[in-house]
Amino acid sequence: MMETSAPLELLYQISREIAAALDLHTVLRRVLSAALQHVGAERGSIVVVDDQGKPVEATLVYGNQYHEHTTARLRDTLERGLAGWVIRNRKPALVPDTRRDERWLRRPDDTRSETGAKSAICVPLLAREKLVGVLTVVHPQPGTFNEQHLNLMQAIADQAGIAILNARLYTESQRQARVMSALVECAITINASLELNEVYRRILHQTMQALQVETVVLGLLDEKGEALIFRAADGRQAGSLLNRTLPADQGILGWVLRQGKGMILTSPEEKRRFGATEMFEGQLKAMALVPIQDRERTLGILAAINPPSGVFDPDALLVMTGIGSLAGIAIQNALSAERLQAAQRRYQELFEGSIDAILFTDLEGRILESNRQALQLFGYEKQTLLSLSIEHLQAWPPGFPPHSLDALEAEETLRFESLVRSKSGYEVPVEVYARRQRWENRDVIQWTFHDVRERKELDRLREELAAMIYHDLRSPLGNLVSSLEMLKAISPTENVEVASILEIASHAVARLQRMVNSLLDIHRLEAGMPLTERQAVRVSELLNRAASDVQMTLRARAQRLEIADQAPGAWVSVDVEMIGRVLVNLLENASKFSPSQSTIQMGAEIPEKAPTQVRFWVKDSGPGIAPEDQQRIFEKFTRLAGQKIGGLGIGLAFCRLAVQAHGGTIGVESQPGKGATFFFLLPQSFETPS
Ligand code: ADP
């Protein structure tokens with residue numbers, strides 16, 4: 001038995017022995033054995049407490065054997081007996097005779113006559129001012145321990161305190177390392193797939209691996225967030241869990257989803273309260289549930305059921321929570337990937353199923369992709385088509401050279417008509433839509449070729465038919481005119497009624513003739529046929545002829561015509577009949593749009609700025625024409641909206657074609673509400689006939 005104060009050598013030895021171990025159990029055993037050995041005690045214990053003073057570990061020695069005690073049984077000793085006093089007071093206690101000390105908690109073997117404890121020392125284990133446990137040694141002989149033993153125990157306790165703290169830190173860091181490596185492995189495995197079912201499988205497998213539980217189940221919220229559907233399950237009872245739907249606002253599921261926090265259920269009372277038994281039909285020992293979260297959103301729940309020992313170890317919730325958030329991100333990624341693939345499939349179907357031929361080219365025109373319809377239209381094998389350039393396939397319309405592709409704005413669509421050439425040299429008229437867009441991370445042009453063969457054929461037939469009709473109308477109309485002339489010549493002059501009827505008839509026929517001629521002219525001029533009937537004529541003669549042609553029309557509306565001929569000596573070389581019709585058209589429009597009894601003016605002049613030309617003009621006092629319509633009205637079939645006065649919208653189109661065929665230009669000046677002045681310029685003819 002040691003009698004002296006703690007020699008340095010001894011302490012050094014103890015400290016080395018203790019420090020050599022890092023595992024808490026070993027440390028406790030070594031401390032206890034050093035203590036017993038050096039004070040000659042025969043039994044003793046160390047109880048380790050946590051920051052709240054609760055016992056977390058304990059080692060006891062009696063009968064020369066170690067016993068690891070369940071901490072629950074020690075609680076009593078710690079709260080009441082000698083150790084409790086030491087913990088509360090943070091002071092060592094020397095009890096030479098336990099029979100005479102009230103702090104000693106007596107047990108049945110501990111009475112005066114029995115062999116139980118008689119002499120005891122109890123010291124607090126402190127590390128950096130923090131209480132980490134208590135060390136108690138006991139001897140059956142009263143009066144065995146004295147102050148020197150107490151000093152030695154205190155010295156050992158100082159060493160032990162630090163050693164226990166280190167061991168705890170070590171355990172903690174070991175634990176963290178385990179958690180970390182489990183999570184890292186999870187992250188790598190789970191994120192390695194983008195296929196949703198595979199992602200589920202990996203999440204389940206990793207949870208199983210990390211926690212060694214019997215069953216793992218993964219549930220996701222439905223679109224409305226009202227129900228949770230078990231999408232995947234593994235382990236015992238997996239089959240009965242799979243595809244089950246549970247309300248998302250009840251029991252344990254509701255709690256975890258609402259709180260966004262994990263929970264472990266172990267006690268039967270908790271399980272009942274949270275309705276866990278309804279969720280899992282098999283025998284339920286313990287269940288850990290964590291939310292599956294993607295950033296701020298909760299997508300569902302991951303549950304682990306029945307760990308091997310019946311209880312989860314302290315890391316379980318931490319590991320599960322980590323897996324839960326990894327799972328959230330992985331599931332979200334997989335869902336996005338699925339949506340993307342679905343969108344791509346849809347696009348592919350639209351692309352392949354389109355009735356129009358579609359090609360993608362780069363900005364240089366090299367073909368990158370084509371649909372089935374394009375292969376048919378162009379008659380190439382796909383491989384060959386993909387080696388060609390857009391220029392091989394179609395003729396560019398004027399004003400659309402290939403280098404303008406690059407200038408096309410994103411999402412801008414160009415539309416033009418063109419002819420595409422197939423491999424066999426066959427040409428097909430098409431409407432082309434070229435649109436710049438992003439495709440597979442690059443700027444491309446999407447070309448859509450709409451076959452217009454049928455429409456063109458119909459157009460051609462219609463025009464042929466129209467031309468035939470106009471043509472065939474001409475000779476009977478001509479006959480009608482001459483018959484009316486003859487009738488006029490032979491009818492008695494004194495019969496005013498007959499004369500006026502004949503006058504109206506011949507005027508109507510003349511209008512009809514002008515209309516048919518204009519329609520025929522439109523056809524010819526559009527087809528680019530040259531003028532054949534040109535002859536030199538005085539400007540004044542053109543004005544006078546037109547004035548007499550519209551005389552009846554104006555009279556019917558009580559309108560007056562004023563002629564301002566400021567180029568009386570000028571000549572032009574024109575198809576007299578055609579230019580005459582241009583003037584009549586303008587005069588008839590002026591009459592139609594002006595109020596009755598108003599005055600219409602017509603004139604000709606030599607413009608100062610263009611002295612080689614003659615400017616004809618017709619001025620009315622009608623509603624005028626808005627600036628935005630002043631170009632449009634010269635196009636075929638254009639009639640302005642909200643107009644009560646009838647017409648076909650071809651008069652001005654004819655005028656423009658006729659004037660242009662003579663090398664002239666036509667236009668209108670008008671302020672809405674203040675009438676309109678239509679004008680056209682023709683080159684003067686200086687070779688006057690003698
Ligand atoms: P329409 O046979 O229908 O008169 P036009 O080609 O002669 O066809 O004229 C086209 C359109 O231009 C007319 O429908 C009318 O809206 C407008 N327009 C033509 N002349 C005049 C005018 N003198 N005053 C106002 N609007 C006119």
Side-chain angles (χ1 to χ4, degrees), residues 463 466 469-470 473 477 507-526 542-543 546-547 549-564 577-604 615-662 664-681:
E463 282 181 21
I469 292 171
Y470 307 147
L473 276 176
L477 268 176
H507 183 75
V509 171
R511 278 197 65 193
L512 203 57
Q513 219 178 5
R514 276 199 300 274
M515 250 155 82
V516 168
N517 283 342
S518 296
L519 282 167
L520 259 179
D521 282 342
I522 288 180
H523 270 283
R524 289 194 188 135
L525 295 172
E526 273 183 342
L542 284 173
L543 296 179
D549 282 348
V550 295
Q551 207 182 347
M552 284 277 281
T553 314
L554 297 188
R555 201 186 301 150
R557 310 206 59 211
Q559 289 163 328
R560 262 174 18 90
L561 177 65
E562 270 177 22
I563 301 182
E577 202 267 334
M578 195 187 280
I579 293 300
R581 267 187 282 125
V582 170
L583 278 170
V584 169
N585 249 308
L586 298 181
L587 285 169
E588 278 181 344
N589 276 352
S591 159
K592 203 156 60 166
F593 291 101
S594 298
S596 51
Q597 297 181 337
S598 59
T599 300
I600 288 155
Q601 291 163 299
M602 167 170 75
R615 183 177 187 269
F616 295 82
W617 55 267
V618 174
K619 188 171 183 324
D620 65 47
S621 50
I625 293 149
E628 64 270 22
D629 294 326
Q630 291 179 3
Q631 282 292 319
R632 234 157 48 82
I633 52 171
F634 292 101
E635 280 160 26
K636 251 198 290 189
F637 308 118
T638 301
R639 305 197 53 241
L640 299 183
Q643 175 175 292
K644 289 189 203 85
I645 298 162
L648 272 178
I650 51 159
L652 289 178
F654 157 74
C655 293
R656 189 183 61 167
L657 281 166
V659 169
Q660 283 172 350
H662 285 85
T665 52
I666 189 165
V668 63
E669 285 162 354
S670 172
Q671 270 183 9
K674 294 197 177 153
T677 303
F678 282 85
F679 62 86
F680 60 91
L681 288 151

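Both counts, for ligands and for their atoms, begin at 1 and track the order of listing. Any value given below was found using the heavy atoms of this structure, including those in side chains, with hydrogens, waters and symmetry copies removed.
Taking each heavy atom of N517 and E577 in turn, the nearest pair found is ND2-OE2, 3.5 Å. Residues T553 and S591 share a closest heavy-atom pair of CG2-OG, 4.2 Å.
At a heavy-atom distance under 4.0 Å, no atom of N585 approaches ligand 1. Using a 4.0 Å cut-off between heavy atoms, F678 contacts ligand 1 through its side chain alone, with no backbone atom that close.
Side-chain atoms of E669 and T677 form no donor-acceptor pair, as typed in the model, at a separation below 3.5 Å.
Within the structure, ligand 1 has K592 among the residues with a heavy atom less than 4.0 angstrom away.
With atom 23 (N) of ligand 1 as the reference point, the heavy atom nearest to it among I600, N589, D620, V618 is part of D620.
Of the N or O atoms in L652, one or more lie within a sub-3.5 Å distance of an N or O in ligand 1.
Side-chain atoms of Q559 come within 3.5 Å of backbone N or O of P595 as a donor-acceptor pair.
Both tests do not hold together for R656 against F634: distance to the six-membered ring centre under 6.0 Å, angle to the ring axis within 45°.
Within ligand 1, the atoms closer than 4.0 Å to a non-hydrogen atom of I625 are 25 (C), 26 (N), 27 (C), numbered from 1 in the order shown.
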